[in-house]
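Remember, predicted model here, so these are calculated numbers, not experimental data. Each chain gets a letter, A, B and so on, in the order its sequence line appears, and its residues count up from 1. FYI, side chains are in, hydrogens and waters are out, and symmetry mates aren't considered; it's all heavy atoms of this structure.
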Protein chains: 4
Amino acid sequence: MSIASKQRPRTKPAEERREELMNAAEVLFLEKGIGSTTVGEITAGADVAKGTFYLHFSSKEDIHAALGERFVRAFVADLEAALARASKAGWNEKLAVWVKAATARFLDNGSLVNMLFHTHPRPPDDGPNPIAGNLKALLEAGRDAGAWSLDDPEFTAVFLFGGLHGIVDEVLLGKKRASRARLTQRLQRHFQWSVGLPEA
Amino acid sequence: MSIASKQRPRTKPAEERREELMNAAEVLFLEKGIGSTTVGEITAGADVAKGTFYLHFSSKEDIHAALGERFVRAFVADLEAALARASKAGWNEKLAVWVKAATARFLDNGSLVNMLFHTHPRPPDDGPNPIAGNLKALLEAGRDAGAWSLDDPEFTAVFLFGGLHGIVDEVLLGKKRASRARLTQRLQRHFQWSVGLPEA
Amino acid sequence: MSIASKQRPRTKPAEERREELMNAAEVLFLEKGIGSTTVGEITAGADVAKGTFYLHFSSKEDIHAALGERFVRAFVADLEAALARASKAGWNEKLAVWVKAATARFLDNGSLVNMLFHTHPRPPDDGPNPIAGNLKALLEAGRDAGAWSLDDPEFTAVFLFGGLHGIVDEVLLGKKRASRARLTQRLQRHFQWSVGLPEA
Amino acid sequence: MSIASKQRPRTKPAEERREELMNAAEVLFLEKGIGSTTVGEITAGADVAKGTFYLHFSSKEDIHAALGERFVRAFVADLEAALARASKAGWNEKLAVWVKAATARFLDNGSLVNMLFHTHPRPPDDGPNPIAGNLKALLEAGRDAGAWSLDDPEFTAVFLFGGLHGIVDEVLLGKKRASRARLTQRLQRHFQWSVGLPEA
DNA sequence: AATGAATGAGGTTTCATTCAT
DNA sequence: TATGAATGAAACCTCATTCAT
């Protein structure tokens, strides 16, 4: 303890180590792309030995997938929180809230999204996209409540999510300039059209 | 030399060789992903030596980009041809024709699209997506003709293209079962909503 | 703690743990070779943690050596027991007994022998091979008793042991088919020739 | 050509490169053991890039096997040459010649033998040992000529080869001191006994 | 235009061993 | 006595790219 240099082999809860590795990987993937990031750089970033990586992940692809899942989980949690805060609102407002939250989250994490999901090969089949799934649930609820008319909520959810994603991508690639408010507003309008009927 | 066994080094027009390499690469990229396809496999597929690759492309990334351009060129040509065939039709029908052609093309080449464009890093700025650009032009024409009401045709084009893309992806990933006709019909409806007004 | 589920860290006598580790190692070395067996597999086989290995052996090489010693000890004990049972017999019969016991043991543990002794690097000098040493002692005794004529018992012992070993290897590699009795008989004949004189 | 430093990428006939790699590997395997020799060291020794190794061998194990085959081939060729030189001699003399040649070759390449064949896992089944096979052929010829009496030449060949091998190993491990002439003589005697009958 | 042997940096992964608990 | 997370050196191998022919 006299010298602070070699006290390294510090055991940490697996969960914590895993998080640290994922954080390091996320930063590096973002900075230099996935292909150009080496496992060695990730472990250096997390301040552990290279072998430690393989105690927690089976490969670089594995940590990449974990990052994707973590992102989606947080995204959905965010949407649910926003919806919860608007629990008293009308259905159209709920939809607007959903669009606003999703757009904001996308714009704030744009490169992350690109990095995580615009990669080949895609995560083979992690089931239906949970974000679109979340929208689908909202659409169904609104339809069941008689607020909207929709014959295929899943189709509509996927379509709208795709549209939103496309718009946000375009913005993130710098091909469009637009205020976030204006963007959100336009997206809300498109969503609104697709649920068919005004609330009241 | 007496027997024709070693007559292989047959020179071909550069254009032809280039095509053969691209075809081989396309098949392989589709089958195994870009990262896992080696230049050696591409040249083997095109039945040329490894060095020949670099006579026609400067790198693997280069052929990837060339593949993308070729695909988009053909896609847009297809859309234009479809539109030309419908030159006498009304605007809404033109839009329906566009959606039908785009959907068909996507479904027939879906994995190719994913492979070519869902890859990181994206070409930094090859201008706006030419397919969405094509749609935008259609929307503008329809608006200028007074058939539709749109305050931002580019936004709408990108949004609708994104939606279509999302739907088709979902289908291609096998997450949805639906007849192509029904799919097209639904997409047409969503597109129609977004152009605001019936042609009347 | 309420339930007896985590009562695992049960201390055992060192000797027992050592044996268990050696047994696990022996099985694995046989199955997959020494180089391809990891310490982790050995400890898993013995149902202890990895660190425990180093409480009982200083290295993988160490356990390998221990295995060799254990095998030789048992082998020699077996030979001595067989010889003891034949203490009243004549010298040629004793030799036949030795050959029979050695052949049997070899055939039953052949791959073990190969694994233990055909490995590089060999233990630099653990003295002469104790099994050949045992044979040498027998040859010397017979010679001293005037039963056999041998000018260099060690040479003969090593030669005969090598021959026996070669034959058994061949059989174990499946290259020869022969009944054990026939094999033993032939080996006995070769041994007999080499001790020079009939007992008469 | 002004500077001698960067004229490296010199293409050589595959056969030559292969030999150079094998020579480098042989030296290193001998010096430091197989396990401790890295492919990098082998290629450095052969003055080629690391990747070049894998153009000629699929793995370290592969070059090891190739070394073994090369050694056995040369060994057998040597035996055949010695026998050819003694083509006019009697059968017992031929046998003596065989033993002498085999012993000399073994002693001169002892560590090589150890390195190549005392390794686990053994080459799985490259058929019967060609050296013993060569001896077997000699024994059969002598028996067919009526010079010797042998009921199972293969058995005898394997046995004698094993014996010779055992003796030579012992010597090479430094456990025995003996002049080569004396050693050869004793081995010849043992071989002679095993072919049953004096020639005439 | 075409070849393909050679390059060599850099990748992923393994595993014997240590040591704080 | 026992644990097992952590280490980190080193191994094997791949492959985009070059260049002498």
request  = Could you say whether A:E41 or C:G40 is positioned toward the 5' end of DNA chain E, judged by the nucleotide with the nearest heavy atom to each?
outcome  = A:E41

message = Can you work out whether A:S36 or B:G51 has the more 5'-proximal nearest nucleotide on DNA chain E?
response = B:G51

Round to a whole Å and report the spacing from [atom1] of [X] to [atom2] of [N].
X     : N      : atom1 : atom2 : result
A:H64 : E:dG11 : NE2   : C1'   : 18 Å
B:F29 : F:dA16 : CZ    : C1'   : 12 Å
D:F57 : F:dT14 : CZ    : P     : 16 Å
C:D47 : F:dG4  : CG    : P     : 10 Å
D:K12 : E:dT7  : NZ    : P     : 10 Å
B:R18 : E:dA2  : CZ    : P     : 14 Å
D:E20 : E:dA6  : CD    : C1'   : 13 Å
B:I42 : E:dG4  : CD1   : C1'   : 16 Å

key: B:A49, nearest nucleotide to its side chain (from E:dG4, F:dT17, E:dT17)   = E:dG4

remark   = Considering only heavy side-chain atoms of C:K50, the closest of F:dT3, E:dT17, E:dA9 is E:dT17

At under 4.0 Å, does any side-chain N or O of [X] touch on OP1 or OP2 of [N]?
X     : N     : value
A:T52 : F:dT7 : yes
D:R17 : E:dA6 : yes
B:H56 : E:dA1 : no

Sugar-phosphate, base or nothing in reach of [X], heavy atoms under 4.0 Å:
X     : result
B:K60 : sugar-phosphate
C:T38 : sugar-phosphate
A:S58 : sugar-phosphate
C:T37 : sugar-phosphate

ask   = What orientation do C:F53 and C:F57 show, parallel under 30°, tilted 30 to 60°, or perpendicular over 60°?
value = tilted

ask   = When you look at A:I42 and A:F29, which way does the side chain to side chain contact (heavy atoms under 4.5 Å, CB included) test go after all the steps?
value = CA-CA 9 Å; A:I42 296 172; A:F29 285 174; 4.1 Å; yes

Shortest non-hydrogen contact from C:E20 toward C:A46 =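 Heavy atoms only, the tightest pair is O-CB, 3.9 Å.
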
ask   = A:A24 and A:G45: which non-hydrogen atoms are nearest, and at how many Å?
value =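 In this case the closest contact between A:A24 and A:G45 is CB-C, 3.9 Å.
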
ask   = Going by heavy atoms in the side chains, are C:T37 and C:H64 under 4.5 Å from each other?
value = no

query = Taking NZ, NE, NH1 and NH2 as the nitrogens, is one of them in D:K12 or D:E19 under 4.0 Å from a carboxylate oxygen of the other?
reply = no

ask   = By side chain to side chain donor-acceptor pair (under 3.5 Å), which residues pair with C:E69, not counting sequence neighbours?
value =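 So C:E69 forms no side chain to side chain donor-acceptor pair (under 3.5 Å) with any residue.
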
message = Requiring both pairing distances under 3.5 angstrom, list the stems that contain DNA chain F and are made of three or more consecutive Watson-Crick or G-U pairs.
response =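 Listed by first number, the stems are E:2-21 with F:2-21.
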
task = For a side-chain contact (heavy atoms from CB on, under 4.5 Å) with C:K32, tell me which candidate from C:L28, C:I34, C:L30 qualifies.
result =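 Passing option: C:L28.
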
message = Both D:L55 and C:L55 contact DNA chain F. Taking the nearest nucleotide for each, which residue is further toward the 5' end?
response =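 First, find each residue's nearest nucleotide; the 5'-ward one identifies C:L55.
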
